[in-house]
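Naming convention: chains lettered A, B, ... in sequence-line order (proteins, then strands); numbering from 1 in each chain.
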2 protein chains.
Amino acid sequence: MPKIVDKEAKKMEILNAAMQVFAHKGVVKTKIIDIATTAGVGKGTIYEYFRSKEEIFTSAYTYFSKTMESMVQEALSKEDDPLKQLELILTISLDAFVHIGEEFADIMMEFWAEGIRNKNQDILDVINLKGVYSNYRKMIQKILKKGIEKGVFKPMDTKSTASVLIGALDGVMLQWIMDRKAINLRKVSVVLLDSFIEGIRKRE
Amino acid sequence: MPKIVDKEAKKMEILNAAMQVFAHKGVVKTKIIDIATTAGVGKGTIYEYFRSKEEIFTSAYTYFSKTMESMVQEALSKEDDPLKQLELILTISLDAFVHIGEEFADIMMEFWAEGIRNKNQDILDVINLKGVYSNYRKMIQKILKKGIEKGVFKPMDTKSTASVLIGALDGVMLQWIMDRKAINLRKVSVVLLDSFIEGIRKRE
DNA sequence: TTATTATGACCGACCGGTCGGTATTATATT
DNA sequence: AATATAATACCGACCGGTCGGTCATAATAA
């Protein structure tokens, strides 16, 4: 009886369109009609799949962060050395920025900006709880703990150290976004890794 | 003939009001009427002193970053040891966040978010050229160079290292803003300083 | 009175979200 | 097979409301 459409697939199409536009114009400047046009549907159709602009945004964020996380998990599972694992996390994150494309970086920044700007706790919760942050922190913490056990790293406050590492990573990307000419991301990432690992490595 | 008013003083009053509201509501959600009300003037009056909302924003940013910079400069001039100087920069920046009040942190975040969101190059230029970033980087770079000369730090790519340090600082603050409960800023800053300095210090 | 400054009513552009109507297609009926 | 029916998908005109910026008018000082 009904017109058969793969609702899920179409929802993803719209989500993809939304992410594209978010990355290009920024969340605030993105109008529903922009997303609709990009997705090749009418404005009203958007509301068949999402309740509101905010729901589109949070969906995009969740999707994005899950993708990112599984990429990292996948890579980590193939490596056992804590030192190498740390290196992997940095490399993958930065590579995601540099290689997979500027669009990737831009949308990540959009999420940050939106989280920062939004005093509305809802969005902040989505970002913190489902988001890259707490998961990344836990992942890194686990690596650090294992490294300490193995005697590769010296004893430390793993939680704070994990925060510092994530912070450094984010911060460097932030600067890069703000002024790509001024920052050589490759160079900086090497320095970041070296000086950081130098700082936590156990010495004879 | 003219009504006697200190134009400059009134402009600052409006700017202060604007910064207050920006910090409280975020730039996008701040309406001209909010600023006017806070400043205790009529909406139209705002336009006697600023051409547009964007001009208010960029003025606020410039003012803010100059204040911040001179605070740091002032403190640095009283200390000669490169190691201590680095410590000072971290301490002052973090203290500004923690002590001087949440408002401070919030408005800084607002500037970031605005810079990130705005693909409009004008705002990005204001932030990068006049902004905290390039100056901070230069300041830190100078300290690092001096430290290397003095033999306190090992040789390194000072520019990249400076970026990493700023990045770490920013990133940690970012995390703190996003989820204050999850981050103990004091603890983290100690770890940041220790592990970083440990990483660049020259060894016997 | 005249020059200057302050003001808020007003304007017009904009936008998120709704809703009535149309198109499409699967099934039921003949 | 042809037709009718029902269910769903799709659409864009429209509505209610918002907000940056303007401008005619008022207030005030000289």
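Using a 4.5 Å heavy-atom cutoff, the side chains of A:Leu15 and A:Met12 are in contact. The side-chain heavy atoms of A:Phe196 and B:Val164, taken from C-beta on, include no pair separated by under 4.5 Å. Looking at A:Phe153 and A:Leu86, their side chains come closer than 4.5 Å, going by heavy atoms from C-beta outward.
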Under 3.5 Å between N/O atoms: give me all the protein pairs with nucleotides 16-20 of chain C, atom names plus distance.
residue : atom : partner : partner atom : Å
C:dG16  : OP2  : A:Ile32 : N            : 3.2
C:dG16  : N7   : A:Lys43 : NZ           : 3.1
C:dG17  : OP2  : A:Tyr47 : OH           : 2.9
C:dG17  : OP2  : A:Lys53 : N            : 3.0
C:dG17  : N7   : A:Lys43 : NZ           : 2.9
C:dG17  : O6   : A:Lys43 : NZ           : 2.2

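Atom-to-atom, CG of B:Asp34 to C1' of D:dG20 comes out at 12 Å; the value is rounded to the nearest Å. To the nearest angstrom, P of D:dC11 lies 9 Å from CD1 of A:Ile46. A straight line from NZ of A:Lys25 to P of C:dC15 spans 8 Å, rounded to a whole angstrom. Note: NZ (B:Lys29) to P (D:dG20) measures 14 Å, nearest angstrom.
Considering only side-chain N and O atoms, B:Thr45 lies under 4.0 angstrom from the phosphate OP1 or OP2 of C:dT7. Under 4.0 angstrom from either OP1 or OP2 of C:dA6 there lies at least one side-chain N or O belonging to B:Tyr49.
Residue-level contact check: A:Phe50 touches neither bases nor backbone, having no heavy atom under 4.0 Å from any strand.
Across A:Lys43, A:Gln20, A:Lys25, a single residue satisfies side chain to side chain donor-acceptor pair (under 3.5 Å) together with A:Asp34, and that is A:Lys25.
A 6.0 Å sphere centred on NZ of B:Lys146 holds more than 12 heavy atoms belonging to other residues, nucleotides or ligands.
When the nucleotides D:dC11, D:dA9, C:dT7 are ranked by their closest atom to the side chain of A:Val41, D:dC11 comes out on top.
Here the side chain of B:Lys11 pairs no donor or acceptor atom with the backbone of B:Phe50 at under 3.5 angstrom.
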